[in-house]
Amino acid sequence: MAPTVLDLAHWSTWAVCTVIKLPQLAAVLAARSARGLSVGSLLLELAGFLVFLRYQIYYGYPLQTYLEYPIIIAQDVILLLFILRFSGNMKQAFFYAVTFWGGWYILTLRKWVIDLAMNMCTFISAGSKLAQLRCLWQTKDSGQVSALTWSMSAYTCATRIVTTIMTTNDLAVLIRFITMLILNIWVTATILHYKKTKKTD
């Protein structure tokens with residue numbers, strides 16, 4: 001029974017993550033606007049994903065427990081490029097690329113660096129969700145923000161809680177996924193609230 005549950009959690013997570021950002025990308029492309037999206041949120045999310053991926057690789061965790069991260073990172077980079085393009089800030093793309101590339105290598109210079117980064121990763125990732133919430137609260141408009149993308153993120157956090165308990169049982173990873181699950185649900189609820197409010201106006 002346990003291997004079946006684990007396999008189902010892995011496969012469903014990978015399946016969801018292959019399309020997780022597509023609703024968001026489609027909304028931005030259709031509107032040719034990034035209204036409602038927080039660049040800061042996306043940058044923090046990317047930083048959190050890169051730290052988490054590097055940590056998993058560094059400690060030799062099973063590939064199945066983090067296979068979706070390169071896929072999500074690629075989708076986030078594409079989304080960031082579209083946001084920068086539609087907001088007229090494409091010149092910043094090179095700076096962000098150099099910063100993230102350099103950070104990827106600095107993370108493993110010493111064991112304590114990657115451990116500290118992983119402990120901070122939860123705060124970084126939580127900061128990305130809070131930045132998006134702040135953007136929503138300030139504008140009171142969900143704009144092009146996709147509730148489907150955020151709800152899929154909540155689902156993948158829930159499945160990763162299960163897979164982490166069943167494989168590595170790493171407390172730092174568990175705390176991260178539980179925190180992200182709560183915040184993803186909160187962002188999804190906020191998006192739906194503002195979409196409903198806009199329809200009734």
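Below, each value reflects all heavy atoms present in this structure, side chains not excepted, and no hydrogens, waters or symmetry copies.
- For the residue pair C17 and I71, the shortest heavy atom distance occurs at O-CG2, 3.4 Å.
- Once rounded to the nearest 0.5 Å, the distance linking CD1 of I72 with CG of L79 reads 12.5 Å.
- Neither side chain, T65 nor T167, offers a donor N or O lying under 3.5 Å from an acceptor on the other.
- Note on I191 and L44: separate hydrophobic clusters, where clusters join Ile, Leu, Val, Met, Phe, Trp and Tyr whose side-chain heavy atoms are under 4.5 Å apart, directly or indirectly.
- Looking at T164, its side chain never comes within 3.5 Å of a backbone N or O of N169 through a donor-acceptor pair.
- Q24 places a side-chain N or O within 3.5 Å of a backbone atom of S146 that can act as its donor or acceptor partner.
- The stretch residues 73-101 participates, sequence neighbours left out, in these ring pair (Phe, Tyr, Trp, His ring centres under 6.0 Å) pairs: W101-Y105.
- When all heavy atoms of S151 and T188 are compared, the pair lying nearest together is N-OG1, 3.4 Å.
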Inset, instruction - With side-chain contact (heavy atoms from CB on, under 4.5 Å) as the test, would you mind laying out the steps for H10 and T159 before giving the verdict? - result: CA-CA 8 Å; H10 284 315; T159 59; over 6 Å; no
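- The hydrophobic cluster containing Y155 also contains V19, counting ILVMFWY residues as joined when their side-chain heavy atoms lie under 4.5 angstrom apart, directly or transitively.
- Aromatic ring centres of Y66 and Y61 lie farther apart than the 6.0 Å criterion allows.
- Closest of all the heavy-atom pairs between N184 and C157 is ND2-SG, 3.5 Å.
- The two residues Q132 and V187 make their nearest non-hydrogen contact at CG-CG1, 4.2 Å.
- Rounding to the nearest 0.5 Å gives a distance of 13.0 Å between CG of L80 and CD1 of I73.
- Using a 4.5 Å heavy-atom threshold, the side chains of V5 and V162 count as touching.
- The shortest non-hydrogen separation linking I124 to A47 is CG2-CB, 4.0 Å.
- Heavy-atom contacts from other residues, nucleotides or ligands closer than 6.0 Å to CH2 of W137 number more than 12.
- The CG atom of L53 sits 10.0 Å away from the CG atom of L67 when rounded to the nearest 0.5 Å.
- L84 contributes atom CG, which lies 6.0 Å from atom CG of N89 (distance to the nearest 0.5 angstrom).
- Among E68, R176, M180, the single residue meeting the side chain to side chain contact (heavy atoms under 4.5 Å, CB included) criterion with R160 is E68.
- Taking the six-membered ring for Trp and thresholds of 30 and 60 degrees, F52 and Y69 have ring planes inclined between 30 and 60 degrees apart.
- A side-chain donor from one of D115 and Y59 sits under 3.5 Å from a side-chain acceptor of the other.
- Atom CH2 of W11 has 12 or fewer heavy atoms from other residues, nucleotides or ligands within 6.0 Å.
- Counting heavy-atom neighbours within 6.0 Å of M120 CE, excluding the residue itself, gives a total of 12 or less.
- Atom CD1 of I57 sits about 9.5 Å away from atom OG1 of T108, to the nearest 0.5 Å.
- Using a distance-only test at 3.5 Å, with no hydrogens or angles considered, a donor-acceptor pair links the side chain of S12 to the main chain of A9.
- Residues passing the side chain to side chain donor-acceptor pair (under 3.5 Å) test with K21 are E45, D76, sequence neighbours excluded.
- Hydrophobic clustering of Ile, Leu, Val, Met, Phe, Trp and Tyr side chains at less than 4.5 Å, counting indirect connections, keeps L192 apart from I20.
- Note on L8 and M166: separate hydrophobic clusters, where clusters join Ile, Leu, Val, Met, Phe, Trp and Tyr whose side-chain heavy atoms are under 4.5 Å apart, directly or indirectly.
- Shown here for M152 and P23, the closest heavy-atom pair between the two residues is CE-CG, 3.8 Å.
- Between S125 and T179, every side-chain heavy-atom pair lies at or beyond the 4.5 Å cut-off.
- At distances below 3.5 Å, at least one donor-acceptor pair connects side-chain atoms of T18 with backbone N or O atoms of A15.
- R32 is listed as a side-chain neighbour of R85, based on a closest heavy-atom distance under 4.5 Å.
- Remark: side-chain polar atoms of D170 are paired, donor with acceptor, to backbone N or O of V173 under 3.5 angstrom.
- Within the 3.5 Å criterion, the main-chain N or O of P62 finds no donor-acceptor partner in the side chain of Q56.
- Distance check: L50 CG to L46 CG gives 6.0 Å after rounding to the nearest 0.5 Å.
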Inset, instruction - Give the intermediate values and the outcome of side-chain contact (heavy atoms from CB on, under 4.5 Å) for residues V145 and L136. - result: CA-CA 9 Å; V145 186; L136 290 166; 4.2 Å; yes
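- For R134 and S38, the side-chain atoms include no donor-acceptor pair closer than 3.5 Å.
- Residue L148 is grouped with residue I78 when hydrophobic side chains (ILVMFWY) are merged at heavy-atom distances under 4.5 angstrom, including chains of intermediate members.
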